[in-house]
Structure formats: C-alpha cells, structure tokens
Amino acid sequence: MTHRATAGGCALGFAVGWNISNVGAIADTMSVDYGVALATVGLFTTALFVVHAALQIPAGRAVDRLGARRIGFASLTVISVANLFALIAPDPALAIGTRALAGLGTALGFVAGIDYVRSHGGSPFAQGLYGGIALAAGGVALAVVPQLVGALEWRAAYWSALAVAVAGFLALAFGPSDRHRSKPAPSPTHAEDGSVERPSLLRDRRLYRLCLLYAASFGLSVILGNWVVTLLERGGDYSNARAGLVGSLILVAGVVSRPMGGWALRRYPDRIRPILAASFACAAAGTLILTAAGPPAVSAIGALVLGLAAGIPFAASFSAAARVRPDAPAAAIAMVNMAANILIVAGTPLVGLSFSLPGDGRIGFLAATAIWLLAVLVVPAVRELDPEARSAATVPRPPEAARRG
C-alpha cells in the first residue's frame with residue numbers, strides 16, 4: 001500500500017511540477033507568438049505562483065480535513081481545465097487568467113501529494129523521492145517542451161501539461177484510499193502569566209527558520225530554472241533545444257538529491273546542519289558557473305551541481321514541519337512551501353527584468369548566488385530539524401553480543 005501511495009503521490013507531484021516550467025521553457029517563443037515583452041511572459045509564471053502561494057495554508061487545511069487523495073483529484077481537474085482554456089488563443093489576458101487558475105490546482109496538488117505519501121507511511125526517503133520527482137518534472141519540461149514547439153508552437157506548453165495531468169489521474173486512481181486520522185491536540189506553549197496558549201500556525205515561530213530554509217532551496221532553483229534557458233540562449237548563443245537540455249539539469253537533479261537529503265536526515269541526523277550548509281554553498285558555486293554561460297559542458301556541470309545541492313534540504317524542511325505541528329501536519333507543510341512560493345512570486349519577474357540590463361540576465365543570477373551564500377547563515381540547529389537527533393546520538397549502542405541476543 002505504501003508503494004502505491006508513493007507512486008500515486010509522485011505522479012500527482014509530477015503533474016504539479018510540470019506547470020512550474022512549461023511556459024518558461026519556451027519564453028522567447030511565447031514572447032513572439034503572444035506579441036508581448038519577455039517580462040510579460042514572466043508574469044504568466046508569476047500569476048500561477050501568486051495563487052499557489054496564497055492558497056498554500058487553505059490547501060493544507062483542506063487536505064487535513066478532506067483527505068489527500070480526494071484533494072489530489074480536485075487538483076488534477078483544475079489543472080486540466082486551466083490548460084484547456086489556455087489553448088484557445090495566444091491572448092496575454094487569457095494566459096494570465098488560466099495560469100492563475102492552474103495555480104489553484106498546483107496549490108492543492110503539491111500539499112496533497114506529499115501528505116498522501118507521508119500519511120501512508122512514507123519514510124523521509126519516500127517524501128524526498130516525491131519532492132525530487134515533483135521538481136524533476138519542471139526540468140523535464142525544460143527539456144521536452146522546446147522539442148514540441150515545431151509541431152505545436154506556443155500551445156506546446158499547454159498540451160504537454162494536459163497530457164501529464166491525465167497520466168496523474170490514472171496513477172492516483174490506482175492508489176489506496178485516504179486513511180482516517182484522528183488529530184492529536186496541538187502542542188501548547190506557556191504565556192508569561194503561566195496560562196496555556198496555543199499558537200496559530202502563522203504565529204508559530206518554530207516554523208519560521210524552516211520557511212527560510214525551504215524558500216532558499218526550492219524558491220531559487222525554480223526562479224533560475226525558469227530563466228536559465230534564456231540566459232544560455234542570449235549570453236552563450238546556445239540553441240533553444242541545447243539550452244533547454246542544459247537548464248533541465250537544475251530541476252531534474254532533484255530526483256536524486258531530494259531522496260538523498262531524506263536518507264541523510266535518517267542516517268546522520270546529528271550532522272544534518274553542516275550537510276545543509278554545504279548544500280547551499282555548492283548551490284552558489286553552481287549558479288556562478290551558469291552565470292558565465294560558457295561552453296555547454298561547463299554549463300551542464302554548473303546546472304548539475306546547482307540541482308543536486310538545492311534538493312538536499314527538502315526532506316528536512318517538511319519532516320520537521322510535520323513534526324512541529326502534529327495537529328495540522330499538511331497545513332504546516334503548506335506554510336513552509338508558501339514561503340518558497342512568495343520568493344518565486346517576487347523573484348521570477350525581477351530576474352526577468354535583469355535581462356533588460358547589461359549582461360543578458362547575469363545580474364539576476366549573481367544576486368541569486370549571493371542569496372545562496374546568505375542562506376548558509378540561517379540553517380536551523382539540529383534540535384530544530386530533528387528533536388530526536390541529539391538524544392539518539394548520545395544513547396550508547398549495546399554490545400554486539402547483546403544485540404544478537
């Protein structure tokens with residue numbers, strides 16, 4: 001049952017992740033066919049993420065109340081309808097409206113997918129696998145959608161997203177039904193007068209550093225993934241197809257590094273803080289290599305380093321969030337994810353605007369490099385990421401003979 005839930009959740013996450021990059025993958029084509037500036041094409045993605053970010057906590061509440069699988073089906077329905085309407089005409093207002101509607105679907109789907117995996121017994125590795133596949137979907141879109149432009153033109157972004165959503169329906173249909181879960185009482189805190197106070201989700205400061213952690217790792221990787229194709233085309237004179245293949249590594253690499261981060265959390269919980277700090281430093285190095293827009297092999301190394309490093313914090317961020325708020329685990333996960341999407345909403349058009357400045361977008365990528373390095377300073381302590389790590393690390397292991405019995 002756990003395997004079927006993981007498969008269904010990952011298919012849902014793949015459908016959600018595809019919509020992150022399907023438009024950015026052919027930004028120049030969209031700009032020409034829609035007759036708008038490149039910054040306006042950036043607003044197509046911004047429209048999705050504005051709604052996606054705003055509805056994270058309501059989506060989490062809905063999952064906690066109605067069940068992840070049920071909300072997952074609703075998500076795929078909304079995504080399908082949004083992409084069907086987007087196919088009507090290359091009208092900027094229609095594109096912004098349908099992308100906003102797709103944001104409703106992705107908000108529901110992302111939280112539903114990871115909670116579906118978690119609630120059916122998925123380990124940190126399985127949750128990381130979900131995150132890796134959801135992120136990799138955006139990378140696959142960067143590689144695949146440009147190949148479809150010759151036959152489908154601007155509609156390639158929407159037809160491909162529709163096909164992926166249908167596949168998600170089929171996979172989720174074979175997954176197990178939602179489990180009935182009784183909610184434990186929320187962990188109380190004590191006010192100054194000694195009375196018991198139960199903090200609301202937004203006032204729970206234990207979640208704030210987790211929000212910063214995930215905002216840096218996921219938010220920056222999505223922003224850079226949306227603009228790396230344009231950077232390599234303009235700054236390195238790559239073809240659209242070659243730039244898409246190189247840029248796709250940023251997001252595709254998450255299918256390896258997000259489960260790997262979950263494995264590290266489980267295997268080395270007492271060392272997770274330096275592991276996360278190192279991942280941010282490596283992401284900065286990868287971004288700097290990409291900024292140079294040098295030979296394709298060098299840029300591919302930069303994209304791969306960036307993608308592998310950016311995925312490491314995923315499992316730690318969401319496992320800790322669910323542990324902090326066992327009364328509303330999906331809503332806590334949603335709050336952490338909301339922080340990343342707020343960064344995406346603000347950062348995607350800003351990096352797009354940097355293409356109108358000298359350097360063909362390099363200024364935006366250099367700013368992202370600086371943020372990666374600053375993120376090293378806000379990595380939470382081990383006890384915040386895994387309260388059991390310290391005690392587990394200090395408990396003496398029994399002698400081999402005693403373990404055998």
side-chain contact (heavy atoms from CB on, under 4.5 Å) between Trp18 and Ser160, worked out = CA-CA 8 Å; Trp18 190 275; Ser160 61; 2.9 Å; yes

Taking it one step at a time, do Phe355 and Trp227 satisfy ring-ring contact (aromatic ring centres under 6.0 Å, His included)?
-> CA-CA 9 Å; Phe355 283 89; Trp227 291 114; 5.5 Å; yes

Pair Phe280-Ile312, side-chain contact (heavy atoms from CB on, under 4.5 Å): steps then yes or no = CA-CA 9 Å; Phe280 286 126; Ile312 297 295; over 6 Å; no

Show your reasoning for whether side-chain contact (heavy atoms from CB on, under 4.5 Å) applies to Ile371 and Leu220.
-> CA-CA 9 Å; Ile371 296 174; Leu220 287 179; 3.6 Å; yes

Given Tyr158 and Thr98, is the side-chain hydrogen bond (donor to acceptor under 3.5 Å, both in side chains) satisfied, shown in steps?
-> CA-CA 10 Å; Tyr158 307 125; Thr98 54; 5.4 Å; no

Evaluation steps, side-chain contact (heavy atoms from CB on, under 4.5 Å), between Phe318 and Asn337 = CA-CA 9 Å; Phe318 287 141; Asn337 193 47; 4.1 Å; yes

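For the pair Leu148 and Ala156, the tightest heavy-atom approach, listed with the atom from each and the gap, is CB-CB, 3.7 Å. The two residues Ala243 and Val229 have their closest heavy-atom pair at CB-O, 3.7 Å. Across all their heavy atoms, Arg155 and Ile88 have their closest contact at NH2-O, 3.7 Å. Contact between Ala107 and Leu55 at its shortest, heavy atoms only, is CB-CB, 4.0 Å. Residue Ala332 comes nearest to Ala321 through the heavy atom pair CB-O, 3.5 Å, listed as atom of the first residue, atom of the second, then distance. Taking all atoms of both residues into account, the shortest heavy-atom contact from Gly361 to Leu231 is C-CD1, 4.1 Å.
Counting only heavy atoms from C-beta outward, the side chains of Trp372 and Leu288 never approach each other to under 4.5 Å. Counting heavy atoms from C-beta outward, Leu48 and Leu101 have side chains that stay 4.5 Å or more apart. Looking at heavy atoms from C-beta onward, Tyr238 lies in side-chain contact with Ser299 at the 4.5 angstrom threshold. Between Phe365 and Val228 there is a side-chain heavy-atom pair separated by less than 4.5 Å. Contact check for Arg99 versus Asn19: side-chain heavy atoms found under the 4.5 Å cut-off. The shortest side-chain heavy-atom distance between Trp159 and Asn83 does not fall under the 4.5 Å cut-off. The shortest side-chain heavy-atom distance between Ser279 and Pro313 falls under the 4.5 Å cut-off. Using a 4.5 Å cut-off on side-chain heavy atoms (C-beta onward), Phe110 and Leu12 make no contact.
Rounded to the nearest 0.5 angstrom, Cys10 SG and Tyr116 OH are separated by 11.5 Å. Rounding to the nearest 0.5 Å gives a distance of 9.0 Å between OG of Ser75 and CG of Leu172. To the nearest 0.5 Å, atoms CG (Leu265) and CZ (Phe125) are separated by 13.0 Å. The CD1 atom of Ile20 lies 10.0 Å from the CG atom of Leu142; values are rounded to the nearest 0.5 Å. From Leu304, atom CG reaches atom CG of Leu290 across 10.5 Å, with rounding to the nearest 0.5 Å. Between atom CG of residue Leu343 and atom OH of residue Tyr214 there is a gap of 11.5 Å, rounded to the nearest 0.5 Å.
The backbone N or O of Ala331 sits less than 3.5 Å from a side-chain atom of Asp64, completing a donor-acceptor pair. Within the 3.5 Å criterion, the main-chain N or O of Asp360 finds no donor-acceptor partner in the side chain of Arg234. Between the Thr287 side chain and the Thr369 main chain, no donor and acceptor come within less than 3.5 Å of each other. With Thr348 contributing its side chain and Ile344 its backbone, the two residues share a donor-acceptor pair below 3.5 Å. Proximity of a side-chain donor or acceptor of Ser257 to a complementary backbone N or O of Leu308 within less than 3.5 Å is detected. Panel note: side chain Arg4, backbone Phe174; a donor-acceptor pair is recorded below 3.5 Å.
Ring planes of Tyr268 and Trp263: perpendicular class, angle over 60° (limits at 30 and 60°). Under the 30°/60° scheme for interplanar angles, the aromatic rings of Phe73 and Phe169 are found to lie parallel. Using bins of under 30°, 30° to 60° and over 60° for the plane-to-plane angle, the ring pair Trp154/Tyr34 lands in the perpendicular bin.
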